[in-house]
Each structure stands twice: as C-alpha cells, then as structure tokens.
Number of protein chains: 2
Amino acid sequence: MKSLLRYDRTVTYHHGDLRRTLLAETASAIAEDGVAKLSMRALAKRAGVSNAAPTYHFGDKSGLLTALATEGYDRLAEAMSGVDEGGGLIDRGVAYVEFALACPSHFTVMFQPRLLHDDDGELTAARQRAWAALSVGVATTRSGPDSDFGVAAWSLVHGYATLVLSGAVEPEDALRQARIVAGHLVEGADRSR
Amino acid sequence: MKSLLRYDRTVTYHHGDLRRTLLAETASAIAEDGVAKLSMRALAKRAGVSNAAPTYHFGDKSGLLTALATEGYDRLAEAMSGVDEGGGLIDRGVAYVEFALACPSHFTVMFQPRLLHDDDGELTAARQRAWAALSVGVATTRSGPDSDFGVAAWSLVHGYATLVLSGAVEPEDALRQARIVAGHLVEGADRSR
DNA sequence: GATCTATCTTTTCACTGTAAAGATTCGTCG
DNA sequence: CGACGAATCTTTACAGTGAAAAGATAGATC
C-alpha cells in the first residue's frame with residue numbers, strides 16, 4: 001500500500017533517538033533566540049519530524065523545558081564533583097560559572113521554575129543531587145550556623161554568571177574575572193582550611 | 001446615533017490614563033503567572049479595553065516590556081540614590097535586594113534583554129542612570145584598577161536577589177539575610193572609607 | 001463650529017500549543 | 001515465521017496569541 005506520509009523521511013519512520021535530538025535542538029534554539037521565542041512546531045520542523053512528535057515525548061512545552069532543566073542539574077552536579085578533590089572554594093565557584101557559560105540554555109531554564117513542572121520527580125531528584133554537590137566544601141569551610149557564608153558564595157557566582165549571560169557585564173575573560181571576583185569573598189577563608 | 005461599541009464602557013471612550021494602567025497591570029500579571037504567560041489580549045481585557053489598545057501604546061509586546069524595564073531602571077536609580085548619603089556599601093546592597101523583591105516583575109524583565117527592544121533610547125538612558133547610581137560609592141571604596149570589587153559586590157546582591165526570586169533560596173527574612181550575606185564580602189572595606 | 005490629531009475599536013491573518021485519533025514500526029511471544 | 005500488543009510518529013482540528021490595517025470616536029486647536 002502506498003504511504004500517506006507527508007514527511008516521508010527516506011531513513012526510518014522511527015527516529016530512534018528523537019528525545020535526545022529534541023533536547024539538543026532545544027538548547028541550541030534557546031541559545032540563539034531565547035526561551036520566549038522557542039516554538040514546539042519550529043523545533044519539530046528543525047528535527048525533521050511532525051509537530052506533535054515533541055509533545056509525545058515531553059507531554060507539553062513545560063515538560064520539554066523540565067527535561068532540559070533536569071539535564072542541566074545533572075551536568076552541574078557532574079561539573080561540581082569534577083573539582084571535588086584538590087580545588088578550593090574559588091575553583092568550585094569558577095566551575096559553577098564555567099557551567100553556566102557552557103550551558104546557558106540549561107542554566108537559564110533551571111532557575112525559572114514557572115517555565116517548568118517544578119514538582120516533577122526526576123527534576124527534583126536531579127536538583128537535590130546538584131545541591132548536594134554544590135554544598136560540598138562550602139558549609140564545611142566555615143562551620144557552625146554560618147551557612148550564610150554558603151549562601152553568599154552561591155549568590156556571588158550565580159550573580160556573576162547571570163550578569164554575564166544577560167550582557168550586563170562584559171568581561172574580556174569571564175573565567176579569569178570570575179576567579180578574581182570570587183577571591184574578594186573568600187579572602188582568608190580558603191587559607192584557613 | 002447609536003454607539004457601535006462592543007466595549008461600551010459607561011465612563012469614557014478615552015481611558016485617560018491607559019498607559020500607566022497597562023504598565024501596572026503588566027507588573028501584577030507577571031508577578032502572578034510569570035512573563036511567559038503574559039498575554040496582550042488578556043492584559044487588555046483586564047484593563048477593560050480592546051485587544052489592540054496596548055499595541056497602540058507600546059508598538060508590540062517587546063515594547064510593553066521595554067517600557068516596564070525602563071520604569072524598573074528608574075525606580076532602581078531612585079532607590080539607590082535614596083541611601084546615597086549616610087549608608088555604607090552594605091546598606092546600598094540591601095537597597096538593591098529590597099528593590100528586586102519589591103518590584104520582581106520589573107527586575108526580572110530588566111535582565112532579559114531578549115524580551116526587550118534592547119537598543120531603545122529611553123531604556124538605555126534609564127539604564128545608564130541606574131548604572132551611575134549603582135556605582136556611586138562602590139568603585140570609590142577600593143579605587144584603582146580594582147573595579148573587580150564593584151563587579152563582585154554587584155554579583156553578590158544580584159545573585160542573592162535572583163536566587164530568592166527563583167525560589168532556590170528561601171530565607172525567613174530576606175533583607176536581614178541580605179545584610180549578613182553582604183557583610184561577608186565587605187568585611188573591612190566599609191570601615192576603611 | 002470645523003478640522004486635525006490622538007486614542008481606541010474592529011476585523012483579519014498567520015502562527016502557536018495541545019488534544020484526539022489514525023498510521024507505522026518494533027518487540028515479543030506463540 | 002506470524003500475529004499481536006505496545007511504542008513511536010503523523011494527521012487533523014481547535015481555541016488562543018501577537019500583530020497589521022482600517023475604521024470609529026473623542027479631545028484639542030483655531
């Protein structure tokens with residue numbers, strides 16, 4: 001019987017790896033035009049599938065962004081645990097900024113809970129893992145009820161990353177400046193470890 | 001002749017203060033449901049006018065958000081110049097956070113240039129005024145090529161505000177914690193003025 | 001009072017997200 | 001090998017959106 005397919009892709013009917021492809025295309029589309037202009041239909045066209053294919057995999061647009069944020073938290077946890085051993089607080093802060101600049105679309109979406117299904121199971125699990133990886137070596141540096149210092153450190157690197165991504169701060173070398181900036185907070189704290 | 005109006009508002013045909021009303025409604029709508037779910041038509045209905053009325057005043061949706069961001073920069077400049085005299089660096093940082101929490105919709109939009117007509121004249125002018133008001137007393141505290149300290153201070157308060165607004169940090173008393181957090185960066189810098 | 005301009009409405013169009021139902025392929029078990 | 005169920009993708013349809021164009025009304029100016 002003759003195929004009635006409009007999108008008669010010569011390869012296969014089943015894409016095989018569509019979910020991952022869609023996530024990657026979403027990240028690059030957001031990096032180009034921002035999350036506000038992200039279109040499910042344009043995304044589908046970009047991946048070479050029909051417009052309802054993304055909805056099948058992610059439920060809805062928020063589900064797509066939830067999956068992207070989950071992936072982001074996983075990558076962040078991985079990035080943070082990568083400098084777990086030798087590096088001090090500053091190195092960990094720089095790694096945070098490095099992640100934000102390397103995965104700007106993920107980073108942006110991760111901190112806009114209104115775009116997500118914020119109570120999604122995998123999302124909250126990945127988020128908890130990332131939080132755990134983040135707080136390693138921070139709360140322990142200045143112990144006691146002084147976790148305000150941890151909030152300060154997080155705020156500093158998060159703010160710097162946000163300002164750079166928004167274009168409010170335009171450094172020559174972001175990671176280099178991140179190191180300097182983080183140094184202003186840490187001062188003797190890193191030495192007293 | 002009988003009026004053909006569908007929206008036969010008993011008051012006046014001309015609203016009289018529609019632009020300001022739309023800006024206020026926009027701010028509260030974003031505060032409730034986020035900027036992604038902001039609808040020009042719903043906004044118009046909420047203000048009791050036809051769907052094309054907002055477009056007349058702001059050109060398009062980006063124009064509306066540009067006007068909101070401009071208003072935000074003006075309010076920020078005002079808030080920062082309010083603590084210009086007596087207060088030190090910490091007070092200025094707290095004022096920044098206070099503004100962000102008091103005007104979350106403005107603050108959010110101000111740092112998402114993709115949503116705006118970023119080269120708009122009034123926007124860039126208001127932004128420059130705010131930047132000027134921000135850098136007062138920061139670059140001068142630690143002079144020389146050490147404006148990296150200014151970036152650090154800005155990053156700290158901006159990051160803290162962002163994290164609180166996104167729900168990533170949930171303090172009992174945000175302004176109190178902001179003061180403590182800012183204290184970790186400033187340390188002796190404020191004393192040496 | 002007439003005319004010009006600012007403000008607002010109506011209508012229309014292409015595009016969006018998403019729901020529902022159908023088509024195709026894959027995996028699995030007989 | 002064959003059949004059947006499940007997973008994957010397509011088609012179609014619908015209400016809602018931003019924006020453009022043209023018309024209606026009110027206010028201002030002379």
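Below, read A as the first sequence line, B as the second, and so on, with proteins coming before strands; counting in each chain starts at 1.
- Contact annotation: A:Tyr56 side-chain N/O to D:dC9 OP1/OP2 distance is not under 4.0 Å.
- Under the side chain to side chain donor-acceptor pair (under 3.5 Å) criterion, B:His57 pairs with no residue, sequence neighbours left out.
- A donor-acceptor contact closer than 3.5 angstrom is absent between the side chains of A:Gln128 and A:Tyr73.
- B:Arg114 and A:Asp33 are not joined by a salt bridge, as no carboxylate oxygen comes within less than 4.0 angstrom of a charged side-chain nitrogen.
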Treating primed atoms plus P, OP1 and OP2 as sugar-phosphate and everything else as base, which nucleotides of nucleotides 12-18 of chain C get B, S or - for protein heavy atoms under 4.0 Å? B---SBB

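- When distances are taken from the side chain of B:Ala53 to each of D:dA7, C:dT9, D:dT10, the shortest belongs to C:dT9.
- The side chain of B:His57 contributes no N or O atom lying less than 4.0 Å from OP1 or OP2 of C:dA6.
- If you measure from atom NZ of A:Lys45 to atom P of D:dC9, you get 18 Å, rounded to the nearest angstrom.
- Contact check for A:Trp154 versus A:Trp131: side-chain heavy atoms found under the 4.5 Å cut-off.
- In this structure, A:Arg19 places its CZ atom 11 Å from P of D:dT8, rounding to the nearest Å.
- For the helix from C:dG1-D:dC30 to C:dG30-D:dC1, the terminal axes (five pairs an end, C1' atoms, rotation from four pairs onto the next four) enclose an angle of 10°, given to 10 degrees.
- Salt-bridge formation is not detected for the pair A:Arg129/A:Glu122: no Lys NZ or Arg NE/NH1/NH2 atom is positioned less than 4.0 Å from an Asp or Glu carboxylate oxygen.
- Within the model, atoms NZ of B:Lys45 and CG of B:Leu43 stand 12.0 Å from one another, a figure rounded to the nearest 0.5 Å.
- Using a 4.0 Å cut-off between charged nitrogen and carboxylate oxygen, B:Arg127 and B:Asp120 do not count as a salt-bridge pair.
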Residues B:Leu76, B:Met110; criterion side-chain contact (heavy atoms from CB on, under 4.5 Å); working and verdict: CA-CA 10 Å; B:Leu76 175 61; B:Met110 285 160 61; 4.0 Å; yes

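- Atom CG in A:Leu18 sits about 15 Å away from atom C1' in C:dT24, given to the nearest Å.
- Note: CZ (A:Phe58) to P (C:dA19) measures 16 Å, nearest angstrom.
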